[in-house]
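This report concerns only the one structure given below.
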There are 2 protein chains.
Amino acid sequence: MMVDRLAALAQPHRLAVFRLLVVAGPDGRLAGDIATDLGLPASSLSFHLAHLRRAGLVRAEARGRERRYAADFAAMRGLVDFLTENCCSGAGCAPASVAA
Amino acid sequence: MMVDRLAALAQPHRLAVFRLLVVAGPDGRLAGDIATDLGLPASSLSFHLAHLRRAGLVRAEARGRERRYAADFAAMRGLVDFLTENCCSGAGCAPASVAA
DNA sequence: TCGATAATTCCAGAATTATGGAAATAGTTC
DNA sequence: GAACTATTTCCATAATTCTGGAATTATCGA
């Protein structure tokens with residue numbers, strides 16, 4: 001599950017898509033706009049968006065024939081929390097403001 | 001680079017190896033012990049350790065014919081920081097103690 | 001209804017990654 | 001130096017993932 005989220009972000013195009021959606025904020029972006037911004041063929045973008053969606057990192061909302069994708073910040077936070085708790089413990093690896 | 005770290009952790013065996021090394025602390029563990037603990041064939045473990053090493057998440061120290069692997073906590077922290085800064089910004093996705 | 005548009009699904013080929021036994025490398029012990 | 005141990009590298013195979021054009025689905029506007 002966390003492995004799926006990691007795998008979803010462990011691919012350059014998908015990481016770029018996700019970062020773009022983070023910048024876009026809660027309203028997200030339309031699939032077509034994402035494709036244009038990143039210069040990805042529609043079918044490739046669709047493949048990667050589906051991957052991110054399966055991993056729970058993005059949500060999709062259909063409006064007419066368009067589809068609006070947005071980052072799921074709670075899921076992302078869940079991932080960061082997982083990494084902090086399971087991959088940082090006992091060794092001062094947590095962010096400075098937490099460790100302090 | 002961050003993609004490499006994400007990819008390194010985005011595989012069940014490797015995530016298990018890394019978590020085991022986190023629990024082990026700065027002294028790390030011998031390759032053979034890791035293999036025994038996780039029930040992995042030596043060559044498979046070696047493959048995954050090499051992957052983690054390339055990604056900079058673990059360090060290896062040879063002592064005689066044994067090799068001791070340890071988690072690189074600074075690298076892990078760098079990854080968590082990257083995710084917090086680049087994939088959480090502006091939307092309250094940072095850990096509670098940071099957001100507060 | 002028709003033609004255009006947004007997006008996904010289908011598909012086949014390319015590329016990458018994972019697996020684990022066997023061979024090789026290097027250090028240890030007697 | 002011979003036997004033994006720890007680990008890696010080699011290799012072939014299997015499995016998975018990525019890519020993007022073509023076909024498909026669904027919606028829109030005239």
Side-chain angles (χ1 to χ4, degrees), chain A residues 1-21 24 27-72 79 87, chain B residues 1-21 24 27-72 75 79:
Chain A
M1 199 254 191
M2 287 304 165
V3 168
D4 295 325
R5 289 190 192 169
L6 287 166
L9 295 177
Q11 207 281 344
H13 289 326
R14 283 197 296 272
L15 184 58
V17 168
F18 189 76
R19 291 179 69 175
L20 183 149
L21 289 178
D27 288 346
R29 302 283 305 273
L30 299 180
D33 293 348
I34 300 171
T36 302
D37 273 29
L38 299 180
L40 287 176
S43 63
S44 288
L45 177 65
S46 209
F47 169 80
H48 290 303
L49 282 172
H51 206 307
L52 285 165
R53 209 149 76 95
R54 256 180 279 123
L57 286 171
V58 309
R59 287 170 287 106
E61 182 195 349
R63 212 184 303 175
R65 65 187 153 185
E66 298 177 328
R67 219 156 287 196
R68 182 170 290 275
Y69 284 88
D72 187 321
L79 177 58
C87 298
Chain B
M1 198 254 189
M2 287 303 165
V3 168
D4 295 326
R5 291 191 191 167
L6 288 166
L9 295 178
Q11 207 281 345
H13 289 326
R14 282 195 299 270
L15 185 57
V17 168
F18 189 75
R19 291 179 69 176
L20 184 149
L21 289 179
D27 287 346
R29 302 283 305 275
L30 298 181
D33 293 348
I34 300 171
T36 302
D37 272 29
L38 299 179
L40 287 175
S43 64
S44 288
L45 176 65
S46 207
F47 169 81
H48 290 302
L49 282 171
H51 205 307
L52 285 164
R53 209 148 77 95
R54 258 180 278 123
L57 285 171
V58 309
R59 287 170 286 105
E61 183 195 348
R63 212 183 303 175
R65 65 188 152 184
E66 300 178 327
R67 219 156 286 195
R68 182 170 290 274
Y69 284 88
D72 186 322
L79 178 58

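Chain identifiers are assigned alphabetically (A, B, ...) following the order of the sequence lines, protein sequences preceding nucleic acid strands; residue numbering begins at 1 within each chain.
- Summarising the geometry, the separation between CG on A/Leu9 and P on D/dT17 is reported as 15 Å, rounded to the nearest angstrom.
- In terms of position on DNA chain D, the residue among A/His51 and A/Arg65 whose nearest nucleotide sits closer to the 5' end is A/His51.
- Heavy-atom contacts from other residues, nucleotides or ligands closer than 6.0 Å to CZ of B/Arg53 number 12 or fewer.
- Here A/Arg14 lies in heavy-atom contact (under 4.0 Å) with sugar-phosphate atoms only.
- Checked for salt-bridge contact, A/Asp27 and A/Arg68 miss the test: no charged N lies under 4.0 Å from a carboxylate O.
- Taking atom CG on B/Leu52 and atom P on D/dT8, their separation rounds to 12 Å, with Å as the unit.
- Whole-Å rounding puts the B/Arg53 CZ to D/dT9 P distance at 8 Å.
- Where A/Gln11 and B/Arg68 each meet DNA chain D at their nearest nucleotide, the meeting point lying more 5' is that of B/Arg68.
- Contact annotation: A/Ser44 reaches the phosphate of D/dG20 (side-chain N/O to OP1 or OP2, under 4.0 Å).
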| said: One pair to check against side-chain contact (heavy atoms from CB on, under 4.5 Å): B/His13 and B/Leu38. What are the steps and the verdict? | reply: CA-CA 8 Å; B/His13 289 326; B/Leu38 299 179; over 6 Å; no
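- One interatomic measurement links the two molecules: CG of A/Leu49 to C1' of D/dT19, which rounds to 15 Å at whole-angstrom precision.
- Applying side chain to side chain contact (heavy atoms under 4.5 Å, CB included) to B/Leu57 and the options B/Val17, B/Asp72, B/Leu52 leaves one that passes, B/Leu52.
- Put simply, A/Ser43 has no side-chain N or O that comes within less than 4.0 Å of OP1 or OP2 on D/dG20.
- No donor-acceptor pair closer than 3.5 Å links the side chain of B/Arg19 to the backbone N or O of A/Cys87.
- One can place CG of A/Leu40 at 13 Å from P of D/dC18, the figure rounded to the nearest angstrom.
- At whole-Å resolution of the value, CD in B/Glu66 and P in D/dT5 are 13 Å apart.
- Rounded to whole Å, atom P of C/dA15 lies 16 Å from atom CZ of A/Phe47.
- Distance B/Arg63 CZ to D/dT5 C1': 17 Å, rounded to the nearest Å.
- Using a 4.0 Å heavy-atom cutoff across all strands shown, A/Leu45 reaches no nucleic acid atom at all.
- Distances shown here put every side-chain N or O of A/His48 at or beyond 4.0 Å from the OP1 or OP2 atom of D/dT17.
- Proximity of A/Tyr69 to the phosphate of C/dT8: a side-chain N or O atom is located under 4.0 Å from OP1 or OP2.
- Among the protein residues, B/Ala42 comes within range of the nucleic acid bases, having at least one heavy atom under 4.0 Å from a base atom.
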